[in-house]
Amino acid sequence: MSSRRENGTSGAGRSGPELLVVGAGPAGLTSALAASALGIDVTVLEAEPADRVRAGSRALFVHRENLRRLDRMSPGLGMKIAGFGITWRARRTFYGGREVFAREYPAPDTESLPPYASLRQIDTEQFLMDACLDAGVRFVWDAPIEDVRSTPDGVTALTADGRSWQAPYLIGADGGRSAVRKAVGITLEGGRSTDYRVAVDLEDPVDTAPSVTGERINHYRHPRVDLRNLFIVPFAGGRQVDLQCRTKEDAEIMGRPEEVRRWLPKVVDPGYLDRILWIARYPCLQLVADRFTDRHRRVLLAGEAAHLFAPLGARGMNSGIADADAAAGAVGLALRSANPERAKDAVDKFADARKQAGDHNCAAASAGLAHVRAGNVVARTRQSLAARLSPVVPRFGAWLDEAPYGPRGAIRQKAGTY
Ligand SMILES: Cc1cc2nc3c(=O)[nH]c(=O)nc-3n(C[C@H](O)[C@H](O)[C@H](O)COP(=O)(O)OP(=O)(O)OC[C@H]3O[C@@H](n4cnc5c(N)ncnc54)[C@H](O)[C@@H]3O)c2cc1C
């Protein structure tokens, strides 16, 4: 593997890198960083311009397993992200406006990695980008890849205006609408649930106490928003209010700025009306690629190019980071292998393991979604009974608090399964 570490752009006509990464979202940036840490010469091709502004808090959590991964790729990076992010100081769950669960946490130990860091995705991306630039990763901005041609010997990525890049391997990290995935004939399998949500990002006043900024609140059947479910999830500098809507049309209405201004003061301090940063409406998708590599084992998929999950359990970006790490590792092994069959084997192992993880994460996120949806009488009765009994049987309150994160809970997720 080359140790070349130039900055600048890479286009047609120059000697190519060993790895192309398409997309500079969290999965692409992590792929590039992981590859660079392995001594792989990598170029990132990104459709958008270098001065783009990415919207919204989106993925709020970086779990400890991923903080460790990032620390390995770029020593100190995990700790830096953890130092910027926050952890919850309290979690409280309400049912019909009545508290059924509350737990407080001490201030985190700043000497070791916390179980997770909560910060906006744009902030996580900035840390990843800075680390990539420090590592000498090359970026080509304004390069929307339209086609990818894979052969037994390597890959060519092409834009519509005729520019092209070649490399032995390519990681497709170009998000849910992935042109890379489509170009190599990989399809997403699964479904779109009928669940639609509205997310509203709010900025905290600078003097807000940590006990308030770090409070995660989960409402079942909130009486002030016509019994819709609602999460309030803190992040460094603010909070995300996430409203579960009844239908697509309901989300369309509840997500209109004038409508948000009507219901928001009923669920948070009205002072936040002047602190709205972003409003998004989004469907909960549950899709996983049928394969994570192409037939020549030259293209590897990572992140939302390979899977789209419901947000419950924070598996989207976290599993994208794990995909990226595994994909870069497989490319490293394949590049080092003199035997083409061994090289293919390394890529196959990546593809099988991450397909399995994708299916697992999809099922877990779907289970969390089914729980909060409570789409039948049995599920609704179970929740309401648990709420009523929680004062005498606290574990029912704990169940209501944890069940939205999927079968085993997002934070207690077994190592290695993201
Ligand atoms: C409202 C909302 C809330 C969310 N909440 C959570 C959460 O709580 N937890 C969680 O884990 N996840 C959450 N997610 C999902 C999370 O945002 C995604 O998992 C994450 O952004 C996926 O990262 P990625 O790098 O795979 O793709 P993306 O972030 O989509 O990045 C893809 C990149 O590829 C570029 N690109 C696209 N097409 C091309 C092309 N043809 N050529 C070159 N470049 C291209 C794009 O410009 C972009 O930079 C949420 C998403 C939304 C919308």
Side-chain angles (χ1 to χ4, degrees), residues 20-33 43-50 52-63 66 116 118-122 124-125 128-129 139-148 157-161 163 165 170-183 196-201 216 231 233-235 240-243 251 255 277-285 287 289 301-324 327 358 361 364-365 368 404-406 410 413 418:
L20 294 169
V21 172
V22 181
L29 293 170
T30 308
S31 301
L33 193 59
T43 292
V44 179
L45 307 172
E46 165 57 49
E48 293 187 335
R52 67 176 173 168
V53 179
R54 296 264 275 170
S57 56
R58 304 210 279 162
L60 291 181
F61 293 92
V62 184
H63 285 284
N66 280 331
Y116 60 89
S118 184
L119 65 165
R120 296 180 303 172
Q121 183 172 324
I122 43 174
T124 303
E125 288 179 10
L128 292 172
M129 174 61 77
F139 286 84
V140 185
W141 301 95
D142 295 302
I145 296 307
E146 197 180 77
D147 196 11
V148 168
L158 302 103
T159 51
D161 61 8
R163 286 173 293 158
W165 292 264
L170 180 147
I171 296 177
D174 51 340
R177 297 197 171 94
S178 175
V180 173
R181 182 184 69 233
K182 289 171 195 156
Y196 286 81
R197 308 182 76 85
V198 170
V200 183
D201 284 0
R216 193 244 44 199
F231 278 109
V233 185
F235 56 78
Q240 186 189 71
V241 179
D242 193 64
L243 183 75
L277 297 172
W278 185 63
I279 301 173
R281 307 171 178 95
Y282 66 99
C284 293
L285 301 171
L287 299 165
L301 297 184
E304 287 200 338
H307 46 70
L308 290 143
F309 308 137
L312 300 148
R315 291 163 201 275
M317 186 177 76
N318 278 296
S319 65
I321 291 174
D323 294 336
N361 283 317
Y405 303 118
Q413 177 79 32
Y418 272 122

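These numbers come from a predicted model, not from an experiment. Both ligands and their constituent atoms are indexed starting at 1 by order of listing.
- In terms of the side chain to side chain donor-acceptor pair (under 3.5 Å) criterion, Arg58 has no residue partners (sequence neighbours excluded).
- Exactly one residue among Thr159, Asp161, Asp174 makes a side chain to side chain contact (heavy atoms under 4.5 Å, CB included) with Pro144. That residue is Thr159.
- The side chain of Glu48, and not its backbone, has at least one atom closer than 4.0 Å to an atom of ligand 1 (non-hydrogen atoms only; side chain from C-beta on).
- Heavy-atom distances between Gly320 and ligand 1 stay at or above 4.0 Å for every pair.
- Comparing Lys182, Glu46, Arg281 by heavy-atom distance to atom 46 (C) of ligand 1, the nearest is Glu46.
- Proximity of Arg52 to ligand 1, defined as any heavy-atom pair under 4.0 Å, is confined to the side chain (atoms from C-beta onward).
- At a 4.0 Å heavy-atom cut-off, ligand 1 does not touch Phe235 at all.
- Under 4.0 angstrom from ligand 1, there are no non-hydrogen atoms of Val180.
- Nearest-residue assignment for atom 10 (C) of ligand 1 (options Ser57, Ala55, Ala59; heavy-atom criterion): Ala59.
- Ligand 1 lies less than 4.0 angstrom from a heavy atom belonging to Ala143.
- At a heavy-atom cutoff of 4.0 Å, ligand 1 is contacted by both the backbone and the side chain of Asp174.
- Interface of Ala179 with ligand 1, defined as ligand atoms under 4.0 Å from a residue heavy atom, comprises 41 (N).
- Looking at Arg58, Gln240, Arg197, Arg177, it is Arg58 that brings a heavy atom closest to atom 53 (C) of ligand 1.
- Atom 16 (C) of ligand 1 has its nearest heavy-atom neighbour, among Met317, Gln121, Glu146, in Gln121.
- The residue among Gly23, Ala365, Ala173, Ala199 with a heavy atom at the shortest distance from atom 32 (C) of ligand 1 is Ala173.
- Comparing heavy-atom distances from atom 18 (C) of ligand 1 across His307, Glu125, Glu304, His63 singles out Glu304 as nearest.
- Taking 4.0 Å as the cut-off, Phe61 does not count as a neighbour of ligand 1 on heavy-atom distance.
- With sequence neighbours excluded, the residues satisfying side chain to side chain donor-acceptor pair (under 3.5 Å) with Glu125 are Arg54, Gln121.
- Counting only distance, with no hydrogens or angles, the side chain of Asn66 and the backbone of Ile321 share no donor-acceptor pair below 3.5 Å.
- Contacts with ligand 1 closer than 4.0 Å are made by heavy atoms of both the backbone and the side chain of Ala27.
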